[in-house]
Amino acid sequence: MICDQIMQNVHLAQNEVSIVYPAMILEDERDVRYYAEENYISEIFLYISAALVKMNTVLDQLQINQKQIQKNLNLTHGLIVSEQVMLYLGEKLGRQVAHQVLYEDAQTAISNDQHLLDVLKKDKRVINDINEETLEILLKPENYVGECEQMVEKVINKWS
């Protein structure tokens with residue numbers, strides 16, 4: 001329910017923003033009808049402030065179950081992070097060929113209820129360009145975070 005309330009506040013803020021948005025477009029002298037933003041900006045801040053207070057409540061009570069996260073990530077047997085393999089393979093074979101190879105291997109993994117890594121290790125088109133160790137690294141979900149760590153660090157440094 002708290003998350004629903006957060007979303008309601010966010011939607012209310014978005015609605016208010018859509019009302020004052022045209023005021024940003026006006027240049028030079030303004031028509032009196034566009035002074036409406038004075039009334040709405042404070043409301044936008046109130047909605048966002050309420051959403052943030054409620055979000056603190058959610059985050060304070062958040063419990064993280066590492067084992068369940070790992071279990072959920074492994075449900076797809078490596079398919080969830082196959083893009084990394086395709087991008088890496090794309091540098092060797094070309095993007096379109098790499099996409100086709102990964103598509104075929106993913107279909108094989110799904111059809112035979114196998115882990116994608118096991119299928120890739122048997123595919124000569126893959127093994128010729130990627131060693132087994134690199135494949136294992138590419139298919140680890142914890143290595144598939146992109147720039148998230150840097151983004152979080154940037155926010156923490158800015159606001160702490």
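Numbers here are sequence positions counted from 1.
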Atom CD1 of Ile110 and atom CG of Asp113: how far apart are they, to the nearest 0.5 Å?
10.0 Å
If you define the side chain from C-beta out and look only at heavy atoms, does anything of Asn9 sit under 4.5 Å from Leu46?
no
Side-chain donor or acceptor of Ser111 paired with backbone N/O of Thr108 under 3.5 Å
no
Judged by modelled atom types alone, do Thr134 and Asn131 share a side-chain donor-acceptor pair under 3.5 Å?
yes
Polar contact flag, side-chain donor to acceptor under 3.5 angstrom, His99-Gln96:
no
Determine whether more than 12 heavy atoms belonging to other residues, nucleotides or ligands lie under 6.0 Å from atom CD of Gln68.
yes
Closest non-hydrogen atoms of Ile6 and Ala51, given as atom of the first, atom of the second and distance, are CG1-O, 3.8 Å
First locate atom CE of Met1, then atom CD of Gln8, and finally report the distance between them rounded to the nearest 0.5 Å.
9.5 Å
Residue pairs meeting side-chain hydrogen bond (donor to acceptor under 3.5 Å, both in side chains), one or both in residues 139-157, sequence neighbours left out, come to Glu83-Tyr144
ILVMFWY network linking Leu75 to Ile69, side-chain heavy atoms under 4.5 angstrom
no
Can you measure from CZ (Arg125) to CD1 (Ile130) and round to the nearest 0.5 angstrom?
12.0 Å
When rounded to the nearest 0.5 angstrom, what distance separates OG in Ser82 from CG in Leu139?
8.0 Å
May I have all residue pairs that pass side-chain hydrogen bond (donor to acceptor under 3.5 Å, both in side chains) and include part of residues 43-65, sequence neighbours excluded?
Gln5-Lys54
Residue pair Ala13 / Ile44: nearest heavy atoms and the distance that separates them:
O-CG1, 4.1 Å
Please examine the side chains of Leu117 and Leu135, heavy atoms only from C-beta on, and report whether any two atoms are closer than 4.5 Å.
yes
Do the side chains of Val119 and Gln114 get nearer than 4.5 Å, heavy atoms only?
yes
Under a 4.5 Å side-chain heavy-atom rule over Ile, Leu, Val, Met, Phe, Trp and Tyr, are Tyr103 and Leu93 clustered together?
no
Tell me whether Met55 is reachable from Phe45 by hopping between hydrophobic residues (I, L, V, M, F, W, Y) whose side-chain heavy atoms are closer than 4.5 Å.
no
So Leu89 and Val126, do their side chains get closer than 4.5 Å, heavy atoms only?
yes
Closest non-hydrogen atom pair between Gly78 and Leu116, with its separation
O-CD2, 3.8 Å
Honestly curious: do Met7 and Leu12 fall in one hydrophobic cluster under the side-chain, below-4.5 Å linking rule?
no
State plainly whether one hydrophobic cluster holds both Ile80 and Val101, where clusters connect Ile, Leu, Val, Met, Phe, Trp and Tyr through side-chain heavy atoms under 4.5 angstrom apart.
yes
Between Lys122 and Asp105, is there a salt bridge with N-O shorter than 4.0 Å?
no
Close side-chain approach of Leu120 to Ile127, heavy-atom, < 4.5 Å
no
Between CD1 of Ile41 and CD1 of Ile19, what distance do you get to the nearest 0.5 Å?
12.0 Å
CD on Gln107 to CG on Asn112, rounded to 0.5 Å:
11.0 Å
